[in-house]
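I have placed the structure first, in the form of structure tokens, so that the comments after it can refer back to it.
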Amino acid sequence: MLMVSAPIVGIPEKAALFEVIDSGWLTMGDRVQAFEEAFANLHGAEDCVAVSSCTAALHLILDALGIGPGDEVLVPALTFVATANAVLYVNATPVFVDIESLDVPLMSIADAEARCTPRTKAVILVHFAGYLPDRDAWQQFAARHGLLLIEDAAHAPGLKEVGTYGAAAAFSFYGNKNMTTAEGGAVIARDRALRDRIRLARGHGMSSGTHQRLNSRTPTYDVTVLGFNYRLDELRAAIGIVQLRGLLGWNEIRHILVMQYRRLIAQHCPAVKVPFSDPRLSAYHIMPILLPEAAQRQDVIDRLRSQGIQTTIHYPPVHEMTLYRERFPGTHLPKTEAFSRRELTIPLHPEVTTKAVEGVVTALADAVGVSQMGMAK
Ligand SMILES: *Cc1c(COP(=O)(O)O)cnc(C)c1O
């Protein structure tokens with residue numbers, strides 16, 4: 001089966017894991033620190049905080065920014081549910097914002113503007129599929145309304161621009177992301193005081209960790225804030241250090257594959273649209289396509305599956321999930337809904353070959369019934 005995504009892990013990761021096990025120190029040690037330095041460095045940041053997931057990262061960011069009950073946070077609905085869940089964790093209210101267009105499925109500034117109230121405190125931007133929203137425009141919007149800008153950067157590790165939009169950015173190293181530690185995440189926050197608060201809250205709000213206490217003469221610790229256990233362990237950090245060496249190269253391969261997909265889809269199944277037709281910075285996390293309005297998506301999925309090609313949907317809109325429908329009834333986002341109904345995500349990861357891309361496009365053209373329009377080769 002050609003998978004939508006696949007982790008690239010092998011001998012170097014295994015060796016790194018063995019080393020950690022032999023070292024006898026399994027969590028929050030030198031490797032976590034080395035990983036934080038390397039990840040920050042790759043993004044041109046001074047420092048970052050490694051955590052157990054992107055979801056934890058988002059929660060820590062909102063918590064450290066003091067967002068809470070009565071506050072509203074603008075979020076896209078075309079995202080993974082964790083983006084909105086994090087807002088509920090701090091007892092604030094997620095306000096769903098529509099996308100710009102079917103071609104630019106990023107949060108619409110015009111719709112965000114319309115949904116601002118005196119209670120709006122922050123915006124969480126999502127770099128959907130790896131494509132970056134317009135930073136200047138969002139910064140102006142945030143400044144105009146006095147809002148905090150937060151990036152859910154789960155789709156876009158490896159770009160220097162990411163983490164520079166506003167207060168902080170949350171990254172994911174889940175198994176299907178551009179780089180992985182199996183589970184894991186990180187926060188880039190440019191402001192040192194904010195970063196310190198996040199680092200403190202990551203480990204129960206304890207003034208010193210086990211490792212620091214080992215290396216110093218302070219046998220005790222204090223707890224100054226209500227923290228969480230959102231730590232990353234040494235095993236995952238060790239995998240992360242290895243993965244970081246591959247990240248930029250893998251992103252480049254993803255880019256090349258996306259260009260090939262775009263060219264072949266335009267040639268062989270022009271009824272299928274590929275979003276982001278204009279050039280835009282991207283980490284090329286996934287390959288979303290829009291099926292023709294008349295196509296039966298489930299049939300296309302089944303046909304591709306029968307040819308050994310996995311596909312997925314990014315995303316079923318968050319505001320249509322039962323939890324959110326019940327809590328926030330009557331939310332309508334026509335463009336998000338139209339996009340989501342027609343979207344299909346086709347395989348994209350660094351081990352997809354150019355031959356496989358041709359195979360996917362051929363199967364796709366067949367499946368949407370446009371093979372007669374010129375799959376002749
Ligand atoms: C994967 C993902 C998350 C959640 O990441 P975890 O590390 O699994 O918590 C959040 N937001 C988006 C947009 C994602 O794709």
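One-based numbering, in listed order, for ligands and for the atoms of each. Throughout, numbering of the chain's residues begins at 1 and tracks the sequence.
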Could you pull out every N or O of ligand 1 that sits under 3.5 Å from a protein N or O, with the distance for each pair?
from	atom 1	to	atom 2	distance (Å)
ligand 1	5 (O)	S172	OG	3.3
ligand 1	7 (O)	C54	N	2.9
ligand 1	7 (O)	S172	OG	2.7
ligand 1	9 (O)	C54	N	3.3
ligand 1	9 (O)	T55	N	2.9
ligand 1	9 (O)	T55	OG1	2.5
ligand 1	11 (N)	D152	OD1	3.3
ligand 1	11 (N)	D152	OD2	2.7
ligand 1	15 (O)	H155	NE2	2.8
ligand 1	15 (O)	K177	NZ	3.3
ligand 1	15 (O)	Y315	OH	3.3

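Ion pairing of E36 with R195 is absent here, as no side-chain N (NZ or NE/NH1/NH2) approaches a carboxylate O to less than 4.0 Å. A salt bridge between E72 and R115 is absent, with no side-chain N of the basic residue lying under 4.0 Å from a carboxylate O of the acidic one. Between D47 and R199 there is a salt bridge, since a side-chain N of the basic residue sits under 4.0 Å from a carboxylate O of the acidic one.
Interatomic distance, CZ of R297 versus CD1 of I313, reported as 3.5 Å (0.5 Å rounding).
Although no hydrogens or angles enter the test, the distance criterion places no donor-acceptor pair under 3.5 Å between the side chain of E234 and the main chain of V20.
In the hydrophobic clustering of this structure, L62 does not group with Y89; members are Ile, Leu, Val, Met, Phe, Trp, Tyr whose side-chain heavy atoms approach within less than 4.5 Å, directly or through other members.
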